[in-house]
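Inspection log for the structure reproduced underneath, given as structure tokens.
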Amino acid sequence: MNYARRPGIDSTALSRLAAREHDSFVATHRESARLAQASAAHWLNGVPMHWMRDWSTPHPLFVRRARGVEVEDVDGNSYVDFCFGDTGSMFGHSPPAIVRALAEAGADGITAMLPAARVARVGEKLAGVFGLPFWQVTQTATDANRAALRWARAITGRARTLVFDGCYHGTVDETMVRALPDEHKGGTRPRAGLIGVSHDVSAATDAVPFNNVLALEKVLARGRTAAVIAEPVMTNIGMVLPEAGFLRSLRELTRRHGTLLIIDETHTLSSARGGYCSRADLQPDIWVCGKAIAGGMPCAVFGFTTEVEAGMRRVQQERAGGHSGMGTTLSANALALACLEASIDELMTPANYQAMHDTAAYLSEGLGRVFSAEALPWHVARVGARLEFGFGKPPLNGAESERAAWPELEHAIHLYLLNRGVLLTPFHNMMLCSPVTTTAHADRLLTALHDCLREVAA
Ligand SMILES: Cc1ncc(COP(=O)(O)O)c(C=O)c1O
């Protein structure tokens, strides 16, 4: 680790703290260490999915069980979870409604590649809550975004995609790009670190800075963009909030230039029942959501307008048959549909959102107080139940947010908190409040974070 000097933080104290927390983790996670060693024999990087190595821990943390707000590891340590599987379990671990749906529907057939009896009813509920008349189901948000982009290209007869610099919409090739700095006058390049790509993923994508209407319009005016895919609040490069009027301009400009607007609410489902779009009266052509939409069961949805549905039917009629290149065998299986319905009925309730937002607001204010007390010029951003703190003023776009990131400090804070029974999302400083997260849980995070910062603040 590079504990370079930065304002507000004592780099010597930081490196001392990081070393101590490393040793403390090792001393209290012997069984996880044993399992990590045993797992290395048969799993790449010792884990069944390589992101499980992205935590700040010296070796993977093995979980015995997770319920409600709590995660318990194989050494018997328990944690208050503010990560919730990076959003999949945003409504709490194993919510009773989902456990019931799994038991009941699971007993009647898990997957038959035929529509379950509840499908008409679930479609009506999706339309009622999210305001779009037509729907499709996939296994993951990545799949939903891939399908949405393919449909958009087919419907518009255009090849290009526009994304905001620093976005993440799943492992969708055409979105794995970054904008070149201003001196290159626009321009887009593949994201660093991609493995095994067979083509230039930036060839048909333009990346422009979030909150920059001029850059957006410049690209859209060329008339070659099939779709803009965007989160209404950027949540994958720290958190970047939209400036007043930006989303309205995005909607107006996409309409004016014949470009479809795909809004990806996989993370901003934290905003409200119906998502950010319902709260902000933003009307996308295609709306995507995965992760928590079915209470953490693998399931994602995309909804679309009557016009988009007509375009899809036209495209289907015009083609000569064969495989569409979209869909997967397990998508919309009976079990996923049962969990989706339980989630709409019993998780995404106004009362649950109220509880999540009240706790998140409490946590947000508490974080502000901790940073003021330590004279740190940091900020907190919040979109409903989802919060993020950043090391500087609120960023305007992905590049600004990235410049403020501080991996060594994040690593040390995450490990310090984990050693005191608090889990943050391993990526930047993201926290979620579930309906079962209380102000007492928030206080635990605030106390531990304050203790940590007292030790490293200059
Ligand atoms: C906004 C957004 N969209 C899509 C995805 C992809 O979700 P999944 O990995 O479940 O396919 C993510 C994952 O973090 C995301 O943050």
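In this text, all values refer to a predicted model and were calculated from it rather than measured experimentally. In each ligand, atom 1 is the first atom listed, and ligand 1 is the first ligand listed.
In this structure, the side chain of T259 engages the main chain of T225 through a donor-acceptor pair within 3.5 Å.
Just one residue in the list H199, H169, R153 forms a side chain to side chain donor-acceptor pair (under 3.5 Å) with E174, and that residue is R153.
Taking R248 as the reference, E252 meet the side-chain contact (heavy atoms from CB on, under 4.5 Å) condition, with sequence neighbours excluded.
Ring geometry, W378 versus F389: the interplanar angle falls under 30°, so the pair is classed parallel (tilted spans 30 to 60°).
Near ligand 1, residues T140, A141, T142, N145, Y168, H169, G170, E231, N236, D264, T266, H267, K291 each place a heavy atom inside the 4.0 Å sphere around the ligand atoms.
A salt bridge is absent between R146 and D173; no separation between the charged side-chain nitrogens and carboxylate oxygens falls under 4.0 Å.
Put simply, the side chain of F304 does not reach to within 4.5 Å of the side chain of L132, judged on heavy atoms.
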